[in-house]
Amino acid sequence: MNDLALVGGTIATLHPGTPDAESLLIEHGAVRLVGTTEEVLAAARPGTPVVELHGRTVLPGLIDSHTHVEFCALSRDWLDVRQAPRAETLARLAAAVADGVDGWLVAQGTYGQDLPSRDELDAVSREVPILVRESMHRLTANTAALERAGLVRGATSPVGTLVVIGEDGAPSGVVEEGYHLFPVPAPPPERLRAMLRDELRESFARHGVTTIYELPATADGIRAYQALRAAGELPARLSLTLTVAPGLHAILRSPEQLAETGLASGFGDERLWLGGLKVFLDGDDTSAFDSAHLDKSPGHWSTNTRQYAEIVHVLTVAHRAGLQVWIHAIGDLAQHLALDAIEEAARVAGPGDRRTRLEHAANLWVDDAIVRRMRELDVIAVPTAGFIHADAGTGVYAYRTLVEAGMRPPGNSDTGGTQPFATNPWFGVARMLDRRTGSGAIVAPEEAVDVDTALRTYTEFAAEAGFNERRIGALGVGMHGDCAVYAEDPRTLPPERLASLEAELTVVGGEIVWHREGSA
């Protein structure tokens with residue numbers, strides 16, 4: 001019946017109409033009462049389970065507003081070479097081949113890693129197809145993997161990807177924005193369901209995350225989520241936002257493919273629903289559509305996927321169909337292009353509450369003009385604090401600038417295996433506070449925010465970014481009974497302790513989905 005009483009602690013509601021108190025009652029999956037222990041116990045129905053908090057702190061369930069759960073789960077099965085020097089990576093690959101590989105050998109590295117070359121991977125094996133992923137955006141492949149992808153001498157880069165050609169005229173093995181080109185088989189359905197369930201629980205619910213805005217990588221992943229929902233085994237609420245080709249891991253061939261079904265954002269139920277569409281305008285790093293690259297020849301400007309009229313078309317189709325749009329735009333030129341298209345599509349489609357999102361805005365640069373324009377167009381800027389960890393000292397991650405301008409950037413991890421620790425939203429909060437990279441350098445310290453603001457990005461702001469502000473992000477009466485219990489109030493902890501913080505208990509709609517082993 002999804003009833004639960006949590007008594008004898010501190011209930012921090014983060015809701016303007018619901019004062020903090022010592023106890024909380026969830027009934028039929030929704031918040032019924034926040035008050036004294038006596039009030040809650042008196043109102044609870046017979047048989048309601050009671051959790052004695054013993055002074056612990058309860059916060060609303062946290063929301064990850066942009067992540068890649070499926071890739072996080074898949075990376076658990078891949079060879080872990082994160083942070084390994086090139087020689088060590090090759091040694092681990094060789095050992096894996098010697099042990100016997102059934103099919104593909106995929107290794108997961110991390111940002112800025114020195115990846116092996118095609119020739120070095122060929123020396124490990126010419127028969128086993130090998131991929132070494134730095135991130136979602138960049139990898140190196142051996143000849144066997146390139147051949148299986150059809151990337152042989154004379155091949156050209158598909159739109160939105162960059163297949164680097166070596167001096168010999170053949171693919172060098174470096175591929176940007178192109179993991180989806182390689183026919184790596186998916187796990188069997190039952191195995192994939194178990195992997196996703198475990199990832200949701202161990203990497204997200206463990207840290208107090210109760211809602212996730214997921215970008216599924218495959219149709220198999222979407223089927224697996226539906227199977228988990230049907231079996232009552234989803235340990236979080238999920239929205240699914242589908243990528244439109246061309247772009248990384250595109251599931252839709254065109255916006256019309258979804259728009260013509262009549263399904264709109266929000267279709268589904270309170271546990272699994274349709275988020276909207278994602279479109280790519282550029283890639284990452286050297287593949288970003290950025291003015292800094294214009295000193296190169298045009299063939300090296302970016303992996304730009306669409307011209308202006310095409311972006312307007314995608315947005316107009318989505319607007320008319322009631323579909324929210326996320327736009328991947330890292331470079332400054334890509335962001336200006338996106339904003340022009342957003343303005344024109346709004347003119348064509350007419351007024352409406354669309355909350356178009358600009359993914360990666362304010363990560364690497366920001367200025368008053370673009371902030372003002374995003375505000376005027378009601379665009380949601382979506383930077384990612386976790387990227388500060390790997391930053392080379394060139395980013396800004398301009399949370400303070402955005403918030404002071406009246407914008408509400410949603411918290412997110414945007415990880416797909418490269419930074420597995422980033423699935424913990426408290427890691428992102430810590431980086432918003434101390435602005436510290438993995439090497440200890442400080443990035444744009446003037447953009448630091450206070451802990452209350454950082455927490456709002458993963459609650460109030462993230463709820464709004466998905467049209468969910470009336471249901472999640474706070475513990476107001478009538479809202480979903482989603483919360484997490486912490487041994488200490490996270491708002492009082494220093495960044496170094498926040499970065500690895502776990503919840504004692506995580507609750508979704510009155511259902512306990514995570515309980516830390518050994519906690520009272």
Side-chain angles (χ1 to χ4, degrees), residues 65-66 136-137 159-160 177 213 215 241-248 250 252 254-255 259 265 275-285 287-294 301-321 323-349 351-384 387 395-398 401-402 405 407-410 412 414 465-466:
S65 72
H66 175 147
M136 298 276 291
H137 299 278
V159 175
E177 317 300 331
Y213 301 168
L215 291 153
T241 292
L242 312 182
T243 300
V244 181
L248 275 176
L252 299 172
S254 70
S265 291
L277 301 176
K278 181 181 180 182
V279 294
F280 279 82
L281 294 196
D282 62 355
D284 187 25
D285 195 19
S287 294
F289 189 29
D290 196 289
S291 56
H293 300 157
L294 297 185
W301 282 352
S302 76
T303 55
N304 185 248
T305 64
R306 291 170 174 85
Q307 296 184 6
Y308 170 75
E310 295 173 302
I311 308 166
V312 173
H313 173 75
V314 171
L315 287 164
T316 303
V317 168
H319 291 347
R320 289 172 173 166
L323 295 164
Q324 187 186 31
V325 180
W326 300 14
I327 302 177
H328 170 109
I330 289 181
D332 60 343
L333 297 178
Q335 290 180 21
H336 283 298
L337 183 61
L339 291 170
D340 278 359
I342 290 167
E343 183 173 17
E344 175 63 10
R347 185 192 68 79
V348 173
D353 181 10
R354 300 186 177 103
R355 307 189 196 183
T356 303
R357 297 173 37 144
L358 199 56
E359 311 301 308
H360 314 298
N363 271 345
L364 301 182
W365 69 283
V366 72
D367 62 31
D368 292 342
I370 197 167
V371 171
R372 182 173 62 252
R373 198 152 183 229
M374 287 191 293
R375 283 194 62 195
E376 291 171 349
L377 296 173
D378 294 324
V379 169
I380 298 173
V382 188
T384 303
F387 291 168
V396 293
Y397 311 93
T401 293
L402 294 175
M407 301 186 71
R408 302 161 79 81
N412 66 94
D414 190 13

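Values reported hereafter were calculated over all heavy atoms of this structure, with side chains retained and with hydrogens, waters and symmetry mates removed.
- In this structure, Asp282 and Ala334 approach most closely via the heavy-atom pair OD2-CB, 3.4 Å.
- Judged purely by atom type and a 3.5 angstrom limit, Glu343 has no side-chain atom pairing as donor or acceptor with the backbone of Leu377.
- A 4.5 Å side-chain heavy-atom check between Tyr397 and Leu364 finds at least one atom pair inside the cut-off.
- The salt bridge (Lys or Arg N to Asp or Glu O under 4.0 Å) check on Glu344 picks up Arg347, with sequence neighbours excluded.
- Not one N or O on the side chain of Asn363 forms a donor-acceptor pair closer than 3.5 Å with the backbone of Gly395.
- Contact annotation: the side chain of Ile327 approaches that of Ile342 to within less than 4.5 Å [non-hydrogen atoms, C-beta and beyond].
- The shortest heavy-atom contact between Glu177 and Gly160 is CB-O, 3.2 Å.
- Other residues, nucleotides and ligands contribute over 12 non-hydrogen atoms within 6.0 Å of the CD atom of Glu310.
- Note that CG of Asp290 and CD of Gln335 are 9.0 Å apart. Values are rounded to the nearest 0.5 Å.
- Using a distance-only test at 3.5 Å, with no hydrogens or angles considered, a donor-acceptor pair links the side chain of Asp332 to the main chain of Ser291.
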For the pair Leu337 and Arg306, evaluate side-chain contact (heavy atoms from CB on, under 4.5 Å) and give the outcome as yes or no after the intermediate values. CA-CA 10 Å; Leu337 183 61; Arg306 291 170 174 85; over 6 Å; no

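- Residues Val317 and Ala259 share a closest heavy-atom pair of CG1-CB, 3.7 Å.
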For the pair Leu358 and Met374, evaluate side-chain contact (heavy atoms from CB on, under 4.5 Å) and give the outcome as yes or no after the intermediate values. CA-CA 9 Å; Leu358 199 56; Met374 287 191 293; 4.0 Å; yes

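- Side-chain N or O atoms of Thr384 include none that pairs as donor or acceptor with a backbone N or O of Asp414 at under 3.5 Å.
- Here the closest heavy-atom approach between residue Ala398 and residue Val366 is recorded as CB-CG1, 3.7 Å.
- Residues passing the salt bridge (Lys or Arg N to Asp or Glu O under 4.0 Å) test with Asp340, sequence neighbours excluded: Arg373.
- For the atom pair CZ of Arg357 and CD of Gln324, the computed distance is 6.0 Å after rounding to the nearest 0.5 Å.
- A perpendicular orientation is assigned to the rings of His328 and His360, their planes being inclined by more than 60° (bins at 30° and 60°).
- Between Ala361 and Ala381, the shortest heavy-atom contact is CB-CB, 3.9 Å.
- A distance of 4.0 Å separates CH2 in Trp326 from OG1 in Thr241, rounded to the nearest 0.5 Å.
- Under the 3.5 Å distance criterion, the side-chain polar atoms of His137 are left unmatched by any main-chain donor or acceptor of Gly283.
- Residues Phe280 and Thr243 form a side-chain contact, since some pair of their non-hydrogen atoms from C-beta on lies under 4.5 Å apart.
- Note: Ile380 CD1 to Leu402 CG = 12.0 Å, rounded to the nearest 0.5 Å.
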Would you sort out whether Asp378 and Arg354 count as a side-chain contact (heavy atoms from CB on, under 4.5 Å), showing the intermediate values? CA-CA 8 Å; Asp378 294 324; Arg354 300 186 177 103; over 6 Å; no

Could you go through the side-chain contact (heavy atoms from CB on, under 4.5 Å) check for Val314 and Val244 one step at a time? CA-CA 9 Å; Val314 171; Val244 181; 5.5 Å; no

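- Separation of atoms OH (Tyr308) and NE2 (His336) is listed at 14.5 Å; rounding is to 0.5 Å.
- How far CG of Leu339 is from CD1 of Ile311: 10.5 Å, rounded to the nearest 0.5 Å.
- Taking the side chain as every heavy atom from C-beta outward, Glu359 and Leu281 never approach each other to under 4.5 Å.
- More than 12 heavy atoms of other residues, nucleotides or ligands shown are found within 6.0 angstrom of CG on Asp353.
- The two residues Ala318 and Leu277 come nearest to each other via the heavy atoms CB-CD1, 4.0 Å.
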